[in-house]
Amino acid sequence: LFLITGYIQACRGLMISAVCLGFFGAVFGLVGMKCTKVGGSDQTKGKIACLAGLIFILSGLCSMTSCSLYANRITSEFFDPTFVAQKYELGAALFIGWAGASLCIIGGIIFCFSITENSNSPRRGYAYNGATSVMSSRTKVHNSVTDKTPPKHFDKNAYV
């Protein structure tokens, strides 16, 4: 029977919970986005997006805690002069875990701030005004100096 020490089990449990929370945060994030038709009105979608942000923050904190707990154990064993077993160093997996946890927390904060845009500011619509003119300024100056006749108007079939 292979026994795993308590801190490794704690790190494993925190990482599994971080992955599960990240999955549910992604599902809620997809439902809360404005481009999907699932979720209801814009205010409801904003609340769902804020919930997704909170779940992402919690997922990032679980992952950050797990990586930091493991790194603390490695460094305490590394600098302990009485520890005679094999000593480990901080590896790329810990740095990737810290970076991923930081990105997860930053993404969660952005999701949480997305609710303020929905409730405080109305959406601005942009109207298309159409093309102002097909004549350039050089053509206008050239036509006004030499020719005083009004411009000819062509219908859509004249260009075919």
Side-chain angles (χ1 to χ4, degrees), residues 1-80 83 85-137 140 155-157 159-160:
L1 185 66
F2 183 68
L3 293 176
I4 299 176
T5 58
Y7 79 96
I8 291 180
Q9 286 182 351
C11 292
R12 198 181 269 184
L14 282 169
M15 286 305 255
I16 289 171
S17 62
V19 169
C20 292
L21 285 170
F23 173 75
F24 287 119
V27 169
F28 283 127
L30 286 173
V31 171
M33 291 187 345
K34 289 182 182 180
C35 61
T36 59
K37 296 188 185 274
V38 182
S41 67
D42 280 346
Q43 287 185 343
T44 306
K45 284 181 174 282
K47 290 177 183 176
I48 293 173
C50 186
L51 176 67
L54 291 174
I55 292 173
F56 274 128
I57 290 171
L58 190 60
S59 171
L61 288 176
C62 285
S63 179
M64 184 79 71
T65 304
S66 174
C67 291
S68 298
L69 180 66
Y70 196 77
N72 183 31
R73 182 65 177 222
I74 288 173
T75 54
S76 65
E77 287 177 355
F78 186 80
F79 291 114
D80 186 11
F83 188 73
Q86 183 177 1
K87 294 183 178 185
Y88 296 100
E89 294 179 2
L90 299 180
L94 282 175
F95 296 115
I96 291 171
W98 281 323
S102 300
L103 289 175
C104 205
I105 291 171
I106 290 169
I109 290 170
I110 291 171
F111 262 118
C112 284
F113 283 134
S114 70
I115 193 170
T116 60
E117 192 273 326
N118 288 334
S119 61
N120 293 340
S121 63
R123 292 183 59 125
R124 285 183 49 184
Y126 294 100
Y128 175 69
N129 294 331
T132 57
S133 174
V134 293
M135 292 178 24
S136 70
S137 61
K140 287 181 185 177
D155 64 349
K156 63 181 177 180
N157 294 327
Y159 298 106
V160 179

Report the distance from atom [atom1] of [X] to atom [atom2] of [Y], rounding to the nearest 0.5 Å.
X     : Y      : atom1 : atom2 : answer
Gln43 : Lys47  : CD    : NZ    : 6.5 Å
Ile57 : Ile109 : CD1   : CD1   : 5.0 Å
Cys20 : Ile55  : SG    : CD1   : 12.0 Å
Ile16 : Cys11  : CD1   : SG    : 11.5 Å

- In this structure, which one of Cys62, Cys67, Ser68 forms a side-chain contact (heavy atoms from CB on, under 4.5 Å) with Met64?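 Of all the options given, the one that passes is Ser68.
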
For [Y], is there any backbone N or O sitting under 3.5 Å from a side-chain donor or acceptor partner on [X]?
X     : Y     : answer
Ser63 : Ser59 : no
Ser17 : Leu14 : yes
Lys87 : Phe79 : no

- Message: Can you confirm whether Lys45 sits close enough to Thr36 that some side-chain heavy atom of one is under 4.5 Å from a side-chain heavy atom of the other?
- Response: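 Yes, their side chains come closer than 4.5 Å.
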
- Dump the intermediate steps for side-chain contact (heavy atoms from CB on, under 4.5 Å) on Ile8 and Tyr70, then the final yes or no. CA-CA 7 Å; Ile8 291 180; Tyr70 196 77; 4.3 Å; yes

Residue pair [X] / [Y]: nearest heavy atoms and the distance that separates them:
X     : Y      : result
Tyr7  : Leu69  : O-CD2, 4.1 Å
Tyr88 : Ile74  : O-CG2, 3.3 Å
Phe56 : Gly108 : CB-CA, 3.8 Å
Ile48 : Phe28  : CG2-O, 3.3 Å
Asn72 : Thr75  : O-OG1, 3.1 Å
Ala71 : Leu90  : CB-CD2, 3.7 Å

- Message: If the condition is side chain to side chain donor-acceptor pair (under 3.5 Å), which residues does Thr5 pass it with, not counting sequence neighbours?
- Response: none

